Structures are given as C-alpha cells and as structure tokens.
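For reference, the structure is listed below as structure tokens.
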Amino acid sequence: MPLKETVPMEGRDGWFVDVYDTSVRMSPYLVAVAVTDYKPIKSATDNTTVWAPKEDIDAGRGDYAIEIAPKIIKFYEEYFHVDYALPKMDLMYEGHKGSAMENWGLILFDPRALLFDPETGNVDSKFQVLSVVAHELGHQWFGNLVTMDWWSQTWLNGGFAAFVSYLATDNLDPKMKSWARMYVQETQRVMMFDENTAWNWA
C-alpha cells in the first residue's frame with residue numbers, strides 16, 4: 001500500500017519509521033514486502049512505478065515497462081468493466097527470479113521479464129517484457145481480486161491470466177502478432193505433449 005507518513009523513531013537518532021496505509025484483505029501468498037535501494041521511474045498518467053537498480057533505470061531499461069504497464073491496466077479496466085482495486089502498482093526487479101510473481105500491488109520480475117534494453121534488445125525480448133507484464137497485471141483481477149478456493153484450482157488463475165495477456169498485447173501492439181506467437185509458442189508445444197503417449201493415456 002502507499003506510504004502514509006515517515007516519522008522519527010523514538011530513542012534512535014537518525015532512524016525513521018515508515019507508516020503505510022492499511023492493506024486490503026488478501027491471500028497470504030500474494031503479500032510481498034521489499035527493502036531495496038532501487039531507483040524508481042514513475043508513470044506520468046497514474047500511480048504505477050517501475051523499480052530497478054539505478055544503472056538500469058539510468059540506461060533506459062525500465063522505460064518500456066513504465067510505458068506499457070499503465071496502458072495495460074487501463075485496457076483491463078475497460079475490458080472487464082472493473083477498476084484496478086489498489087491505489088498503486090509497483091513493478092520491481094528481482095534478480096534470479098525466474099519469470100515473475102503477481103503479488104498484489106507489488107509484482108516481482110526477473111530482469112528479462114521487466115527490463116528492455118533499447119540498445120541491444122530485439123523484437124522477441126521486447127515481446128517477452130510485454131507479455132509477462134500483461135500476464136502478471138492480468139492476475140491483479142484473476143487470482144488477486146478473485147482468488148481460487150484451493151491450490152488445486154490455481155490452473156484457472158494461470159489460464160485466465162495467460163489468455164487475457166494475449167488480448168492486452170494484441171491491443172497494445174498488433175504488430176507483435178501475439179496470437180500467432182501463441183499458436184507457435186503455446187498451442188504447438190501443448191499439442192506436442194498431447195500426442196506423446198508417455199505424457200497421457202490416449
């Protein structure tokens with residue numbers, strides 16, 4: 001939740017206590033707390049922030065994420081007719097994360113899933129950032145706002161977030177050909193497993 005106030009700590013000269021707004025009720029697996037010295041880059045249109053090491057922000061590697069994230073949130077709000085539920089959205093670099101985690105209001109990303117290098121990046125690395133950001137933001141509705149009853153149902157969270165991520169990516173950048181990518185990268189891969197009798201009974 002957003003920072004409410006910073007006050008001096010009693011009996012500890014030079015120490016301060018940050019007080020935050022009360023969190024909404026949520027499943028424990030969605031809670032995240034981060035203590036870093038990262039540099040923020042803030043959206044000019046809403047309360048969305050990308051956090052990453054200073055050298056990455058200064059090099060412009062967070063620019064693409066902060067450009068697309070507010071647009072994706074707006075797309076989902078209009079598509080679902082349900083506003084994003086929290087007063088802020090933080091997207092944060094976490095080295096060696098292995099993709100991303102949809103913590104409510106504080107999404108943690110592997111660098112490859114959040115940062116796009118304008119000097120060395122290509123269309124595939126750009127699409128990776130676009131699709132993972134769209135997927136994790138989709139979870140803010142599917143999985144966070146509405147949470148499954150038990151772990152055996154979490155495939156629904158992932159399935160819905162994956163599907164709506166292609167809606168969002170296609171809406172933001174049709175030239176990326178997200179639906180064609182889904183067919184090649186997802187559908188064909190699933191069919192490969194489906195035809196292998198070592199993986200299924202048919």
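The first residue in the sequence is number 1, and the count goes up from there. From a predicted model like this one, the values you see are computed outputs, not experimental measurements.
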Notebook entry, point to check: Are Val184 and Met191 joined in one hydrophobic group, where the rule is that I, L, V, M, F, W and Y side chains link up if heavy atoms are under 4.5 Å apart?
Noted result: no
Next item on the list: Would you give the length of the straight line joining atom CG of Leu167 to atom CZ of Phe75, rounded to the nearest 0.5 angstrom?
Entry: 5.0 Å
Check: Are the side chain of Asn47 and the backbone of Pro87 linked by a donor-acceptor contact shorter than 3.5 Å?
Finding: yes
Check: To the nearest 0.5 Å, what is the distance between CE (Met182) and CH2 (Trp179)?
Finding: 5.5 Å
Notebook entry, point to check: Out of curiosity, does Met192 fall in the hydrophobic cluster containing Val190 (side-chain heavy atoms, cut-off under 4.5 Å, transitive links)?
Noted result: no
Item checked: Closest approach of Val132 to Ala113 (non-hydrogen atoms, all atoms of both residues) -> CG1-CB, 3.6 Å
Next item on the list: Please go through Tyr20's hydrophobic cluster and name the other residues, only I, L, V, M, F, W, Y counting, with side-chain heavy atoms under 4.5 Å joining them.
Entry: Leu3
Next item on the list: Say whether, by atom type as modelled, one donor and one acceptor occur between the side chain of Ser165 and the main chain of Ala134 under 3.5 angstrom.
Entry: no
Check: Do other residues, nucleotides or ligands put more than 12 heavy atoms under 6.0 Å from Gln188 CD?
Finding: yes
Notebook entry, point to check: Looking only at heavy atoms, which two atoms of Val129 and Arg112 are closest? And how far apart?
Noted result: CG2-O, 3.6 Å
Next item on the list: Assert yes or no for the condition that the ring centre distance of Tyr183 to Tyr166 is strictly below 6.0 Å.
Entry: no
Checklist line | Flag side-chain contact, heavy atom, 4.5 Å: Met176 against Thr169 | finding: no
Notebook entry, point to check: Looking at Arg25 and Trp104, what are the two nearest heavy atoms and their distance?
Noted result: O-CZ3, 3.7 Å
Next item on the list: Output the distance between atom NE2 (His135) and atom CD1 (Ile72), rounded to the nearest 0.5 Å.
Entry: 12.0 Å
Notebook entry, point to check: Which heavy atom of Gly143 sits nearest a heavy atom of Tyr29, and at what distance?
Noted result: O-OH, 3.6 Å
Item checked: Donor + acceptor pair across side chains of Thr154, Asn157 (<3.5 Å) -> no
Check: Which pair of non-hydrogen atoms, one from Ala65 and one from Pro70, has the smallest distance, and what is that distance?
Finding: O-CD, 4.5 Å
Note to self: Do Phe127 and Ser178 make a side-chain contact, defined as non-hydrogen atoms from C-beta onward lying under 4.5 Å apart?
What the structure shows: yes
Notebook entry, point to check: If you look at every heavy atom in Phe116 and Pro118, which pair is closest and at what distance?
Noted result: O-CD, 3.2 Å
Notebook entry, point to check: CE of Met89 to CD of Gln140: how many Å apart, nearest 0.5 Å?
Noted result: 3.5 Å
Note to self: Distance alone, cut at 3.5 Å: any donor-acceptor contact between the side chains of Asp110 and Ser99?
What the structure shows: no
Note to self: Once salt bridge (Lys or Arg N to Asp or Glu O under 4.0 Å) is applied, what residue pairs with a partner in residues 77-90 remain, sequence neighbours excluded?
What the structure shows: Lys74-Glu78, Lys88-Asp90
Next item on the list: Output the distance between atom CD1 (Ile107) and atom CG (Leu114), rounded to the nearest 0.5 Å.
Entry: 9.5 Å
Next item on the list: With the side chain counted from C-beta on, respond yes when Tyr84 and Leu145 share a heavy-atom pair under 4.5 Å apart, and no when they do not.
Entry: no
Next item on the list: For the pair Ile57 and Tyr38, evaluate side-chain contact (heavy atoms from CB on, under 4.5 Å) and give the outcome as yes or no after the intermediate values.
Entry: CA-CA 9 Å; Ile57 296 298; Tyr38 290 163; over 6 Å; no
Item checked: Within one Ile-Leu-Val-Met-Phe-Trp-Tyr cluster: Met1 and Val33, side-chain cutoff 4.5 Å -> no
Note to self: Count I, L, V, M, F, W, Y as connected when their side-chain heavy atoms are under 4.5 Å apart, and connections chain through other members. Are Trp15 and Val17 then in the same cluster?
What the structure shows: yes
Notebook entry, point to check: Would the number of heavy atoms belonging to other residues, nucleotides or ligands and lying under 6.0 Å from CZ of Arg181 be above 12?
Noted result: yes
Check: Taking 4.0 angstrom as the limit, do Asp173 and Lys71 come out as a salt bridge?
Finding: no
Next item on the list: Tell me, with the steps shown, if Phe142 and Phe80 meet ring-ring contact (aromatic ring centres under 6.0 Å, His included).
Entry: CA-CA 11 Å; Phe142 297 106; Phe80 302 139; 5.2 Å; yes
Check: Same cluster for Val19 and Val24 if Ile/Leu/Val/Met/Phe/Trp/Tyr side chains link at under 4.5 Å?
Finding: no
Notebook entry, point to check: Taking everything shown except Phe160 itself, do over 12 heavy atoms lie less than 6.0 Å from its CZ?
Noted result: no
Next item on the list: Hey, could you give me the CD/CG distance between Glu102 and Asn144, rounded to the nearest 0.5 Å?
Entry: 6.0 Å
Item checked: All pairs passing salt bridge (Lys or Arg N to Asp or Glu O under 4.0 Å) where residues 29-39 contributes a residue, at least two apart -> Lys39-Asp58
Check: Is there side-chain contact between Tyr93 and Thr36, with heavy atoms separated by less than 4.5 Å?
Finding: no
Next item on the list: Taking Ser43 for its side chain and Thr45 for its backbone only, find out whether a donor-acceptor pair lies under 3.5 Å.
Entry: yes
Checklist line | Distance flag, aromatic centroids of Trp141 and Tyr79, threshold under 6.0 Å | finding: no
Item checked: Neighbour count above 12 (heavy atom, 6.0 Å) for Glu55 CD -> yes
